[in-house]
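A short worksheet on the structure shown next.
Computed from a predicted structure; not experimentally measured. Here is the naming used below: chain letters follow the sequence lines, and residue numbers restart at 1 for every chain.
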2 protein chains.
Amino acid sequence: MARAATTTDVFNAIAEPGRRQILDLLANGELSVNELVEQLGLAQPQVSKRLHVLREVGLVLVRDDGRQRYYRLNGRALKPIHDWIRRYEQMWNDRFDALDDLLEELHDQED
Amino acid sequence: MARAATTTDVFNAIAEPGRRQILDLLANGELSVNELVEQLGLAQPQVSKRLHVLREVGLVLVRDDGRQRYYRLNGRALKPIHDWIRRYEQMWNDRFDALDDLLEELHDQED
DNA sequence: TTGATATATTCCCATATCGGTATATAATAA
DNA sequence: TTATTATATACCGATATGGGAATATATCAA
């Protein structure tokens, strides 16, 4: 087991840029696999494989309509990541930036 | 090239739970490698390897003090992830939950 | 039925990853 | 100098990964 299985870990699922790109496209509404293939410019199996991963971690939901399969975003599955990263949010907000500026100023004055 | 190189991608860097754990520990202040080894209960090389990845993507900064090397968090490097995920934030907030409840209610009434 | 279309899955290959162990390097102590 | 401590890196082996191509499956059309 080289790392936590991609298929069971949302953090891993979004580690691949192509999978994030799919989520970004689905943010505008559901798309069929072929529509994704067109917009991504990838081969169909690559798209299906990425969708498979995203589905396994619950990031996308599926609706069948005849031969097409429509995928839609399930943004709620991103919440664990948001919750984790929110703990660090203060580190780049205005208050900390202001503190950094102040420290830098003091540092410059040392010369 | 199996995926985007871990060492140059913050999304990949936080995909591994052990690396996130290190960041969580460093959130309380800087720690030497040995202090991390103790708190993590891992072998020293595993810790150094994880720190190496975190350092390459700029998530940790280093300060040498004699034989010890102190690592500290650079939370700012997490901002790209925060920026990306913020676009989805609305999908699990109260307003959407309320909408979901409403839709579910309407759906129930269909029977 | 046969054929076309939409999607998923399987297979192979090159490479990346992780864990473990051993070793290298650098700083300090004796 | 030699020994010890702190950390980094190299190596090895098992497994995971992603790309590409081929194939399976399911649905619809003729």
Side-chain angles (χ1 to χ4, degrees), chain A residues 1-23 25-26 29-73, chain B residues 1-23 25-26 29-73:
Chain A
M1 182 186 58
R3 57 159 64 183
T6 292
T7 48
T8 55
D9 180 345
V10 179
F11 283 89
N12 255 301
I14 67 150
E16 209 249 342
R19 290 194 289 256
R20 286 200 302 280
Q21 203 181 347
I22 288 180
L23 296 178
L25 288 174
L26 294 181
E30 68 174 14
L31 291 171
S32 70
V33 177
N34 257 351
E35 289 168 334
L36 281 168
V37 167
E38 284 172 29
Q39 302 209 27
L40 293 166
L42 293 177
Q44 175 265 317
Q46 318 306 330
V47 176
S48 281
K49 279 190 269 191
R50 279 166 175 151
L51 288 168
H52 182 80
V53 172
L54 294 173
R55 185 151 41 115
E56 287 216 58
V57 302
L59 276 168
V60 296
L61 300 172
V62 188
R63 174 177 75 82
D64 280 349
D65 180 20
R67 265 180 297 194
Q68 358 278 334
R69 178 163 284 182
Y70 285 93
Y71 283 88
R72 66 183 184 280
L73 182 65
Chain B
M1 182 186 58
R3 58 159 63 183
T6 291
T7 49
T8 55
D9 180 347
V10 179
F11 284 88
N12 254 302
I14 67 150
E16 209 249 342
R19 291 195 289 256
R20 286 200 301 280
Q21 203 181 348
I22 288 180
L23 296 179
L25 287 173
L26 294 180
E30 68 173 14
L31 290 171
S32 71
V33 177
N34 258 350
E35 288 168 335
L36 282 167
V37 167
E38 284 171 28
Q39 303 209 28
L40 293 166
L42 292 177
Q44 175 265 318
Q46 319 305 331
V47 176
S48 281
K49 278 190 271 191
R50 279 164 175 153
L51 287 168
H52 181 79
V53 172
L54 294 173
R55 185 150 42 112
E56 287 216 60
V57 301
L59 276 168
V60 296
L61 301 172
V62 188
R63 174 177 72 84
D64 281 348
D65 181 18
R67 266 181 297 197
Q68 357 276 336
R69 178 163 284 181
Y70 286 92
Y71 283 89
R72 66 184 184 282
L73 182 64

Starting from [atom2] on [N], measure out to [atom1] on [X] and report it in whole angstrom.
X        : N       : atom1 : atom2 : result
Leu36(A) : dA6(C)  : CG    : P     : 14 Å
Glu16(B) : dT17(D) : CD    : C1'   : 15 Å
Leu54(B) : dT17(C) : CG    : P     : 13 Å
Asp64(B) : dA6(D)  : CG    : P     : 15 Å
Glu56(B) : dA8(D)  : CD    : C1'   : 13 Å
Asn12(A) : dT17(C) : CG    : P     : 11 Å
Arg55(B) : dT7(D)  : CZ    : C1'   : 10 Å

According to side chain to side chain donor-acceptor pair (under 3.5 Å), who are the partners of [X], at least two apart in sequence or on a separate chain?
X        : answer
Gln39(B) : none
Glu35(A) : Ser32(A)
Arg20(A) : none

In the structure I gave you, are the side-chain heavy atoms of Leu36(B) and Leu51(B) within less than 4.5 Å of one another anywhere?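 A side-chain contact exists here, since the closest heavy-atom pair is under 4.5 Å.
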
According to the salt bridge (Lys or Arg N to Asp or Glu O under 4.0 Å) rule, which pairs have a member within residues 41-54 of chain B, sequence neighbours left out?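 Matches after skipping sequence neighbours: Glu16(B)-Arg50(B).
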
OP1 or OP2 of [N] sitting under 4.0 Å from any side-chain N/O of [X]?
X        : N      : result
Asn34(A) : dT7(C) : yes
His52(B) : dA8(D) : no
Tyr71(B) : dA8(D) : yes

Which pairs of donor and acceptor atoms, one on a side chain in residues 60-70 of chain B, lie under 3.5 Å apart (sequence neighbours left out)?
unit_1: Arg63(B); atom_1: NE; unit_2: Glu30(B); atom_2: OE1; d: 3.3
unit_1: Arg63(B); atom_1: NE; unit_2: Glu30(B); atom_2: OE2; d: 3.4
unit_1: Arg63(B); atom_1: NH2; unit_2: Glu30(B); atom_2: OE2; d: 2.4
unit_1: Asp64(B); atom_1: OD1; unit_2: Arg69(B); atom_2: NE; d: 2.7
unit_1: Asp64(B); atom_1: OD2; unit_2: Arg69(B); atom_2: NH2; d: 3.2

How would you label the contact of Tyr70(B) with the nucleic acid (heavy atoms, under 4.0 Å): base, sugar-phosphate, or nothing? nothing

Using a cut-off of 4.0 Å between protein heavy atoms and nucleotide atoms, how would you tag nucleotides 21-30 of chain D 5' to 3' with B, S and -? BB----BB--

Residues Leu59(B), Ile14(B); criterion side chain to side chain contact (heavy atoms under 4.5 Å, CB included); working and verdict: CA-CA 9 Å; Leu59(B) 276 168; Ile14(B) 67 150; 4.0 Å; yes

